[in-house]
Novice: 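Supplied in structure tokens, the structure appears directly below.
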Amino acid sequence: HEITGIMLPHFKVTGREKGERSFHGDYSDEATIQFKEVLSRELYLQLDSLCCIDANWSKSNVDSRVYYRYNRMWGNGLPAPQGQNDDEDYFLDIEIQQGSQQAKITYGMW
């Protein structure tokens with residue numbers, strides 16, 4: 001919540017893929033999550049609002065499907081989100097397809 005600006009409903013991790021680690025410690029991991037309930041209309045309205053005011057959130061239409069995406073990198077001169085350390089080089093990418101109970105989270109160190 002502190003990083004994305006939105007409280008996502010409860011979910012469970014249904015899949016995880018660890019990426020290779022470099023000798024510098026850089027990595028990129030991916031998790032598939034499943035929300036325990038169908039996302040509400042109110043949550044989609046909140047996401048629509050965030051897409052207008054927060055450059056890290058975006059909305060796109062692909063093949064008649066609506067996707068919401070949060071994408072942020074910090075560290076290495078980029079400011080960290082509240083509660084995170086400016087000296088740590090991390091990224092977070094969340095992709096939510098409207099109407100789906102699954103989402104994809106990619107995260108790691110760069």
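FYI, side chains are in, hydrogens and waters are out, and symmetry mates aren't considered; it's all heavy atoms of this structure.
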Novice: Do K59 and V66 make a side-chain contact, defined as non-hydrogen atoms from C-beta onward lying under 4.5 Å apart?
Specialist: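 When only atoms from C-beta onward are counted, V66 and K59 do touch, with a gap below 4.5 Å.
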
Novice: In Å, rounded to the nearest 0.5 Å, how long is the span from CD of Q82 to CD1 of I3?
Specialist: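 Q82 CD to I3 CD1: 10.5 Å, rounded to 0.5 Å.
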
Novice: Within this structure, what is the OG-CD distance for the pair S60 and Q97, rounded to the nearest 0.5 Å?
Specialist: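 Reported value, rounded in 0.5 Å steps: 10.0 Å.
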
Novice: Are Y70 and L50 close enough, and set up right, to give a side chain to side chain contact (heavy atoms under 4.5 Å, CB included), and what steps lead you there?
Specialist: CA-CA 10 Å; Y70 179 85; L50 281 170; over 6 Å; no

Novice: Testing the 3.5 Å rule here: is there a donor-acceptor pair between the side chains of Y67 and N61?
Specialist: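 Looking only at side-chain atoms, N61 and Y67 do not form any donor-acceptor pair under 3.5 Å.
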
Novice: Is it possible for you to say whether L78 and Y27 belong to one hydrophobic cluster, with membership spreading through side-chain heavy-atom contacts below 4.5 Å?
Specialist: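 No, no single cluster joins them.
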
Novice: If you look only at distance, which donor and acceptor atoms sit under 3.5 Å apart when one is on a side chain in residues 36-45 and the other is two or more places apart or in another chain?
Specialist:
{"from": "S40", "atom 1": "OG", "to": "L43", "atom 2": "N", "distance (Å)": "3.1"}
{"from": "Y44", "atom 1": "OH", "to": "G99", "atom 2": "N", "distance (Å)": "2.9"}

Novice: Give every residue pair that meets the ring pair (Phe, Tyr, Trp, His ring centres under 6.0 Å) criterion with at least one member in residues 74-110, sequence neighbours excluded.
Specialist: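 For residues 74-110: none.
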
Novice: Shortest non-hydrogen contact from A103 to I96?
Specialist: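 Result for this residue pair: CB-CG1, 4.0 Å.
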
Novice: Among residues at least two apart in sequence or on other chains, which ones pass side-chain contact (heavy atoms from CB on, under 4.5 Å) with N85?
Specialist: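 So N85 forms a side-chain contact (heavy atoms from CB on, under 4.5 Å) with D87, E88.
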
Novice: Between T4 and W57, which heavy-atom pair has the shortest distance, and what is it?
Specialist: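 Shortest heavy-atom separation between T4 and W57 comes out as O-NE1, 2.9 Å.
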
Novice: Can you list everything that forms a side-chain contact (heavy atoms from CB on, under 4.5 Å) with N71? Sequence neighbours excluded, please.
Specialist: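 Partners of N71 by the side-chain contact (heavy atoms from CB on, under 4.5 Å) criterion, ordered by chain and then number, come out as R69, D93.
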
Novice: Between T106 and S28, what is the shortest heavy-atom contact and its length?
Specialist: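 Here T106 and S28 meet closest at CG2-OG, 3.5 Å.
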
Novice: Please list, one pair per line, the donor and acceptor atoms closer than 3.5 Å that link side chains of residues 6-18 to other protein atoms, with sequence neighbours excluded.
Specialist:
{"from": "T14", "atom 1": "OG1", "to": "T32", "atom 2": "O", "distance (Å)": "3.3"}

Novice: Taking all non-hydrogen atoms of both residues, which atom of R21 and which atom of G19 are closest, and how far apart?
Specialist: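 Minimum heavy-atom contact is NH1-O, 2.7 Å.
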
Novice: In Å, rounded to the nearest 0.5 Å, how long is the span from CD of E95 to CD of Q102?
Specialist: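 So the gap between those two atoms works out to 12.0 Å.
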
Novice: Just how far is it from atom SG of C51 to atom CD of Q46, taken to the nearest 0.5 Å?
Specialist: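 If we round to the nearest 0.5 Å, C51:SG and Q46:CD are 11.5 Å apart.
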
Novice: Given the rule in the side chain to side chain contact (heavy atoms under 4.5 Å, CB included) test, do S58 and Y68 qualify, once you have shown the distances and angles that lead to the verdict?
Specialist: CA-CA 6 Å; S58 63; Y68 294 92; over 6 Å; no

Novice: Please identify each residue that fulfils side-chain hydrogen bond (donor to acceptor under 3.5 Å, both in side chains) with N76, with sequence neighbours left out.
Specialist: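 So N76 forms no side-chain hydrogen bond (donor to acceptor under 3.5 Å, both in side chains) with any residue.
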
